[in-house]
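Start at 1 and go down the list; that is how both ligands and their atoms are numbered. If you're wondering where the values come from, they're calculated on a predicted model, not measured in any experiment. Residues: numbered from 1 along the sequence shown.
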Amino acid sequence: MNERPRRNRKSAAIRDMIRETELHVTDFIYPLFLVDGKGISVPIASMPGISRYSEDLIIRQIEECIVLGLNNFVIFPAVEDSLKDKEASYAMRSDNFYLRTIRSIKQHFPEVCLMSDVAMDPYSSDGHDGYVLGGNIDNDRTLPILGRMAVHQAEAGIDIVGPSDMMDGRVQHIRESLDSAGFSDTSIMSYTAKYASAYYGPFRDALDSAPKFGDKKTYQMDPANKREALREAALDEAEGADYLMVKPALCYLDVIQTLKENTTLPIAAYNVSGEYAMLKAAGEKGWINYDKAMPEMLLSIKRAGADIILSYFAKEYAQMRGKG
Ligand code: PBG
């Protein structure tokens, strides 16, 4: 035999030397759930290890992450039902607890990178990402709402706004809104290929944001489609996105790879709540070696082509790395 691939695997030193993909703590964005109040920490049953925190405790979380080398965060608000309405107007109140907390985080830690979620669902009495009119999601009525939401977030100090709503034309609308308000340095990470997925279930528990009627299939993509992801990517790029995201990650590794091969923009992948829940549950039952399976899962997302990984595992992964 001339060819013996095993020669390149014969020792840890050699394996380390030829490794093609390496995860870094700096690749990650850590999602955090925010509630109004003080001293509040409410565990999310379907996401063991993840809680909703009030401002003071989110600040403590961020402090712990910074020590671990984790500096990027996406913050999602869990809004009380009584504050929700058709127009998601609470998102536009500059004194709301979300914007207040963003300002406070930026005051405490000016060096961290903060990403927002731009979509109506956490604030909408209909639980949809867009404006509901006559039982339909009205695309063009949604755009100005998203634009205003993004400007409020930029004003509060958000570094990257994250439109997760999948309305047509939203990246351009948000870009124009930000620029005309003087926020030309605020970046846009577009949820480019966001699929209508069952894997968002635990997240909707966390925010109590499930749609009040129907589903999200008229705006989120059909899991069967890949070429359509290229179409979305071309539009987002033309409309001014700074990053393209694929979501969820695991069932869509092929989509991550395809987008990576067809753009020069950085690619992000969202390792979503259901993916987290699945692995946690199998680990808790002793059906899988969690400590090994978790980094393997994250590595697969990077190997597929993701430059950036949004993951609920990020902090634990960083802690694991810290221990060596
Ligand atoms: C809503 C939004 C969702 C997630 C991020 N932003 C849920 C949805 O579209 O219903 C899901 C994240 C996760 O499951 O971890 N705009």
Side-chain angles (χ1 to χ4, degrees), residues 28-34 44-52 73-79 84 88 90-91 98 115-132 137 139 142-143 145-146 149-150 153 158 160-167 170-171 174 188-223 232 243 245-252 268-281 297-298 301 306 308-316:
F28 290 93
I29 301 180
Y30 188 44
L32 291 164
F33 298 114
L34 174 73
I44 299 154
S46 48
M47 300 178 75
I50 303 292
S51 298
R52 302 172 223 183
F73 306 91
V74 54
I75 318 279
F76 295 98
V79 179
K84 298 182 183 179
Y90 186 65
Y98 184 70
M115 174 170 159
S116 69
D117 188 53
V118 182
M120 289 176 67
D121 56 333
Y123 311 96
S124 152
S125 45
D126 293 307
H128 275 286
D129 294 21
Y131 186 86
V132 176
I137 316 303
N139 195 90
T142 305
L143 296 181
I145 298 175
L146 300 175
M149 197 183 283
Q153 295 170 348
I158 282 288
I160 305 175
V161 297
S164 67
D165 54 284
M166 290 301 279
M167 296 300 120
R170 90 265 209 216
V171 172
I174 291 170
I188 302 178
M189 183 182 290
S190 178
Y191 288 58
T192 296
K194 178 173 179 182
Y195 288 89
S197 171
Y199 290 90
Y200 307 149
F203 176 97
R204 293 178 191 168
D205 295 344
L207 296 194
D208 194 15
S209 66
K212 296 291 186 292
F213 69 90
D215 52 39
K216 298 192 174 185
K217 289 182 186 168
T218 67
Y219 46 106
Q220 298 180 349
M221 285 175 55
D222 183 337
E232 290 285 0
Y243 313 81
M245 190 204 292
V246 176
K247 177 182 177 186
L250 287 182
C251 295
Y252 302 88
Y270 201 139
N271 180 210
V272 299
S273 56
E275 299 171 336
Y276 176 84
M278 248 180 353
L279 193 55
K280 276 279 173 190
M297 181 189 270
L298 297 172
I301 299 169
I308 300 163
I309 304 172
L310 295 90
S311 177
Y312 304 97
F313 294 119
K315 185 179 178 195
E316 228 183 324

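Contact atoms of ligand 1 toward Tyr312: 12 (C), 13 (C), 15 (O) (distance under 4.0 Å to a heavy atom of the residue). Near Ala119, meaning under 4.0 Å from any of its heavy atoms, are these atoms of ligand 1: 16 (N). Short contacts between ligand 1 and Tyr270, defined as distances under 4.0 Å to a heavy atom of the residue, involve ligand atoms 12 (C), 15 (O). Set against the non-hydrogen atoms of Gln220, the atoms of ligand 1 under 4.0 Å away are 8 (C), 9 (O).
Between Phe203 and Phe76, the two ring planes are perpendicular [angle over 60°; tilted spans 30° to 60°]. Ring orientation note: the planes of Phe73 and Tyr30 are nearly perpendicular, at an angle over 60° on the 30°/60° scale. Ring geometry for Tyr123 against Tyr90 counts as tilted: the plane angle lies between 30° and 60°, on a 0 to 90° scale.
Annotation: cation-pi geometry satisfied between Lys247 and Tyr200 (NZ/CZ under 6.0 angstrom from ring centroid, within 45° of ring axis).
Residue Glu275 places no heavy atom under 4.0 Å from ligand 1.
When every heavy atom of Ser51 is checked against every heavy atom of Ile44, the shortest pair comes out as C-CD1, 4.0 Å. Thr142 and Asp129 make their closest contact through CG2-O, 4.0 Å (heavy atoms, listed as atom of the first residue, atom of the second, distance). Across all non-hydrogen atoms, the minimal contact from Ala277 to Ser46 is CB-O, 3.2 Å. The minimum heavy-atom distance linking Lys84 with Leu207 is given by the pair NZ-O, 4.1 Å.
The nearest heavy-atom contact from the protein to atom 1 (C) of ligand 1 is Asp121 OD2, 2.8 Å. At the top of the distance list for atom 2 (C) of ligand 1, counting protein heavy atoms only, stands Lys194 NZ, 3.3 Å. Shortest contact from atom 16 (N) of ligand 1 to any protein heavy atom: Ser164 OG, 2.7 Å. Looking only at heavy atoms of the protein, atom 11 (C) of ligand 1 is closest to Lys247 NZ, 2.8 Å. Regarding atom 8 (C) of ligand 1, its nearest protein heavy-atom neighbour is Lys216 NZ, 3.3 Å. Given atom 14 (O) of ligand 1, the protein heavy atom at minimum distance is Ser273 OG, 2.7 Å.
Considering both main-chain and side-chain atoms, Asp129 comes within under 3.5 Å of ligand 1 through a nitrogen or oxygen pair.
Residue contacts with ligand 1 for Asp165 are absent, since no atom lies close enough (heavy atoms, distance under 4.0 Å).
The neighbour count for Phe28 CZ, taken as heavy atoms of other residues, nucleotides or ligands under 6.0 Å away, is above 12.
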